[in-house]
Student: 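Take this structure first; my questions come after.
Chain naming here is simple, since letters A, B, ... match the order of the sequence lines and numbering starts at 1 in each.
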2 protein chains.
Amino acid sequence: MQKCIKCNSVDGVIRSGFLRGKQRFFCKLCNFHFILENENAKLPQKANQATIVDLAKHLGIAASTVSRALNGKADISPFTRQAVMQAAIDLDYRPNLLAQSLNKGKTNTIGVVIPNVELPFFATALASMQQVAIDTGYRIMVCHSSESQSVEKLNIETLIACRVDGLLVSHSKETTSFEHIEHVLAKSIPIVHFDRVCNEIDTPKVIHEDFKGSFDLVEHLIVQGCQKIGVMLGPEKFYISQIRLEGYKAALQKYGIEVDEKYIYYSEMNKNDGSKAFEYFINMQQPPDGVFAMLSRNAIEMMVEAKKRQVKIPEEMAFVGFGDDILCELFEPSLTVFNHFPNKVGEAAINLLIENINSKNTPNTTTQSVRGELIVRASSINIFVKH
Amino acid sequence: MQKCIKCNSVDGVIRSGFLRGKQRFFCKLCNFHFILENENAKLPQKANQATIVDLAKHLGIAASTVSRALNGKADISPFTRQAVMQAAIDLDYRPNLLAQSLNKGKTNTIGVVIPNVELPFFATALASMQQVAIDTGYRIMVCHSSESQSVEKLNIETLIACRVDGLLVSHSKETTSFEHIEHVLAKSIPIVHFDRVCNEIDTPKVIHEDFKGSFDLVEHLIVQGCQKIGVMLGPEKFYISQIRLEGYKAALQKYGIEVDEKYIYYSEMNKNDGSKAFEYFINMQQPPDGVFAMLSRNAIEMMVEAKKRQVKIPEEMAFVGFGDDILCELFEPSLTVFNHFPNKVGEAAINLLIENINSKNTPNTTTQSVRGELIVRASSINIFVKH
DNA sequence: ACGCTTATCACAAACGTTTCTGATAGTTGG
DNA sequence: CCAACTATCAGAAACGTTTGTGATAAGCGT
């Protein structure tokens, strides 16, 4: 039979059911239940991270005393405090943030959900968030939705499971339902939307001047002499698409230009949608003489295509885009853009979130708008030459 | 005096020293110590997150039973399991990863330290790491050193405090001492270096073909007819600088070209160092007819400057850079680069780390090199036209 | 019928902190 | 000298899990 792992006797050992799928034994002699561990299982593994208890044992005092000494509380004699500090150095003690967070019910961690770090906007926004976080004693946990609604949902689940103190969310392009956000609100976990916000729920938001930026860009095209202005957007259901379209329409309206649906091109914001859009526009009976792209990246893709086909920029077709970028500046011709200052958006968002975390009772649900700036470049000026 | 907060009597209350800096009282009647809380302190705050204990109470069973049911362990009757599952849904239970990690001694989180997400290389590498992490059940916690050694050190401290299961580190440009890494090793926390590795310590590393890439680029320039080749590097102490310089030298040597120190330009990798480098090269008595930049971004900055001064590219001066980028492709002239596949580097690094986490006894300290690829573009071809 | 066996569950300890409560020795003042 | 008071510390509880150990009712075979 089986030897008892406690008294080593063999005679008294009988089977005793199963525990978690493994055969269990019972030793009648020493009255002990046990299961056989596969011996390679786990060595004592004595984590070589010193704990508060280790310090306490080392000094022969109570763990609570060590804790208070380390945290600079009052009830500690200078002598004891000094000894604790020294021991902490000697044993290379590092506090376990997990235990600390579990105990305090606060993690000092902020969860960020973005569609894709590879988009310069998000990279920059993220970097500025990180900076603010460090300065204010927070940590940041980033998740990429990879532009997928289901992954986004999963990300938020994970961050909640990690008990982040708050969430900074920018939606994926395919996110159209927002139960997962309602859910966060129901648990009264502070959340701030930024950039790709959700208009259906009343959350604090930080956006850029989507309307004004689009308006300014299109107005600029009109002033430069463009009369048939195309617009390339993201998905039709996408909130940002809608707002930026409104800015486009408003500008046309101001100058008495009728809105023609044919000049509105929706895309899925994939890699080469710019070329497709250009293809569409150039094959129209009356191709536009100016194009506003919701993403400056798309404007550049279109310009690449235009150059391939010897379409003169800006004389035959001018381009403007939303969002600045080193590429916009260095591409030839350089692209006229509305700079929406990703760093400021990032800062504003995390500051608003931290404010809401600290004053939990009165969640500030204002929508902040970061002021942008029109940057006029070669892709849209001196058009008048053609006339 | 003070009313006792327990028995409400006033008579028996006397002072009793200080606790954490606040006056303490003692009630002789009910034998109770207390301090006065500022009433706005903390409402019960009953976190509205259901716990396992809540489920257990709700069902009238033991918490351990709930735990086993949720985790699909064996010792649970189908009926109980079903009830627990339903209760979990009803009460919207979410496991507390903090408690779970604390208990298991494993966080399933990987810490990543990078100098700057705004560099496309790191953004891409990070994105691919995230993907692998999700697929393998890990989470990622990212920290930016912002190219500062002290911040990098702090980052690693933080990640250790969070008890990440392992570290992925790419050093800041100013990191020259590596005690903080020794320290990580001393605690036998798995670590993998990538890209900007540290050659002084024996850690697992994932690099790209720094030597071969540089060699190929410079050889390409030579084959195209360049004879005086400048090289723009990062800081002199920077490991990557050294390796890439070696590749440069080896290529020159192969073709019998003498290495001239004057053609080696070190930079601090700041924003506009490319212009400065160009300034330096163009003002030499014998300006180079080809320049290899350690960062393609720098090559482009140089080309911008070259274009401003009407220097013909590539006829008068050819350019090549290390690392591909959409900018390299779309800039005019497009830049010849050695593509080092940031996504593959990211994947390889995290895979190696996870492997090391799982087999803790035998840390795999091999250095993996991700195969790169020379991409020849306009900035360096057809030079022969000039001869 | 009785011992072996199973299925199922409760209970307690543990993870590493923080904080509340209890306790002691010393100090002060009338 | 004694009550009131202070300074300082120990011990226990709590945070939310997981897992080892103890326990009970029921099934099975001889």
Student: Side chains of A/S148 and A/S150: donor-acceptor distance under 3.5 Å anywhere?
Tutor: yes

Student: Under 4.0 Å: is that the gap between some side-chain N or O of B/N71 and OP1 or OP2 of D/dT18?
Tutor: yes

Student: Hydrogens and angles aside, do B/D92 and A/H183 bring a side-chain donor and acceptor to less than 3.5 Å of each other?
Tutor: yes

Student: CZ of B/R163 versus P of D/dT17: gap in Å, rounded?
Tutor: 20 Å

Student: Output all residues satisfying side chain to side chain donor-acceptor pair (under 3.5 Å) with A/Q100, sequence neighbours left out; order by chain, then residue number.
Tutor: none

Student: Measure the angle between the two terminal helix axes of the helix from C/dA1-D/dT30 to C/dG30-D/dC1, five base pairs each, and quote it to 10°.
Tutor: 50°

Student: Name all residues meeting the ring pair (Phe, Tyr, Trp, His ring centres under 6.0 Å) criterion together with A/Y93; count only those two or more places apart in sequence or in a different chain, and write none if there are none.
Tutor: none

Student: Grab the CZ-C1' distance between B/R68 and D/dG20 for me, whole Å please.
Tutor: 11 Å

Student: Under 3.5 Å, is there a donor-acceptor pair between the side chain of B/S170 and the main chain of B/F194?
Tutor: yes

Student: Does some side-chain heavy atom of A/I350 sit less than 4.5 Å from a side-chain heavy atom of A/I140?
Tutor: yes

Student: Does B/L70 form a side chain to side chain contact (heavy atoms under 4.5 Å, CB included) with B/I52? I'd like the steps, not just the answer.
Tutor: CA-CA 9 Å; B/L70 291 173; B/I52 269 193; 4.2 Å; yes

Student: Between the protein and nucleotides 23-30 of chain C, which nitrogen or oxygen pairs come in under 3.5 angstrom?
Tutor:
{"residue": "C/dA23", "atom": "N6", "partner": "B/R24", "partner atom": "NH1", "Å": "3.0"}

Student: Rounded to whole angstroms, how far apart are CG on A/L59 and C1' on D/dC9?
Tutor: 13 Å

Student: Counting only N and O atoms by type, is there a donor-acceptor contact under 3.5 Å from the side chain of A/N71 to the main-chain atoms of A/K73?
Tutor: no

Student: Using whole Å, what does the distance between atom C1' of nucleotide D/dA23 and atom CZ of A/F26 come to?
Tutor: 10 Å

Student: Evaluate the ring planes of A/H171 and A/H193, with Trp represented by its six-membered ring, and classify them as parallel (under 30°), tilted (30 to 60°) or perpendicular (over 60°).
Tutor: tilted

Student: Quick one: A/K73 NZ to D/dC9 C1', roughly how many Å, whole number?
Tutor: 15 Å

Student: Please figure out whether B/N103 or B/T80 has its closest DNA chain C nucleotide nearer the 5' end.
Tutor: B/T80

Student: For A/K104 and C/dT17, is the shortest distance between a side-chain N/O and OP1 or OP2 below 4.0 Å?
Tutor: no

Student: In this structure, how many angstroms lie between the P atom of C/dT18 and the CG atom of A/L55, rounded?
Tutor: 11 Å

Student: Taking 4.0 Å as the cut-off, does a side-chain nitrogen or oxygen of A/T65 come that near to OP1 or OP2 on D/dC9?
Tutor: no

Student: Specify the separation, in whole Å, of atom NZ of B/K106 and atom C1' of D/dT19.
Tutor: 18 Å

Student: Does the base of C/dC11 carry an N or O that pairs as donor and acceptor with the side chain of B/S64 under 3.5 Å?
Tutor: yes

Student: Give the residues of residues 93-102 of chain B touching DNA chain D, defined as any heavy atom closer than 4.0 Å, sorted by residue number.
Tutor: B/Y93, B/R94, B/P95, B/N96, B/A99, B/Q100

Student: Keeping the roles fixed (side chain from A/R139, backbone from A/T107), state whether a donor-acceptor pair exists under 3.5 Å.
Tutor: yes

Student: When you measure from the side-chain N and O atoms of A/S77 to the phosphate of D/dA7, is any distance below 4.0 Å, counting only OP1 and OP2?
Tutor: no

Student: Quick one: list whatever passes side chain to side chain donor-acceptor pair (under 3.5 Å) with B/N108, sequence neighbours left out.
Tutor: B/K106

Student: Write down the distance between CD1 (A/I52) and C1' (C/dC15), rounded to a whole number of angstrom.
Tutor: 13 Å

Student: Can any side-chain N or O of A/Q130 pair as donor or acceptor with the backbone N or O of B/V142 at less than 3.5 Å?
Tutor: yes

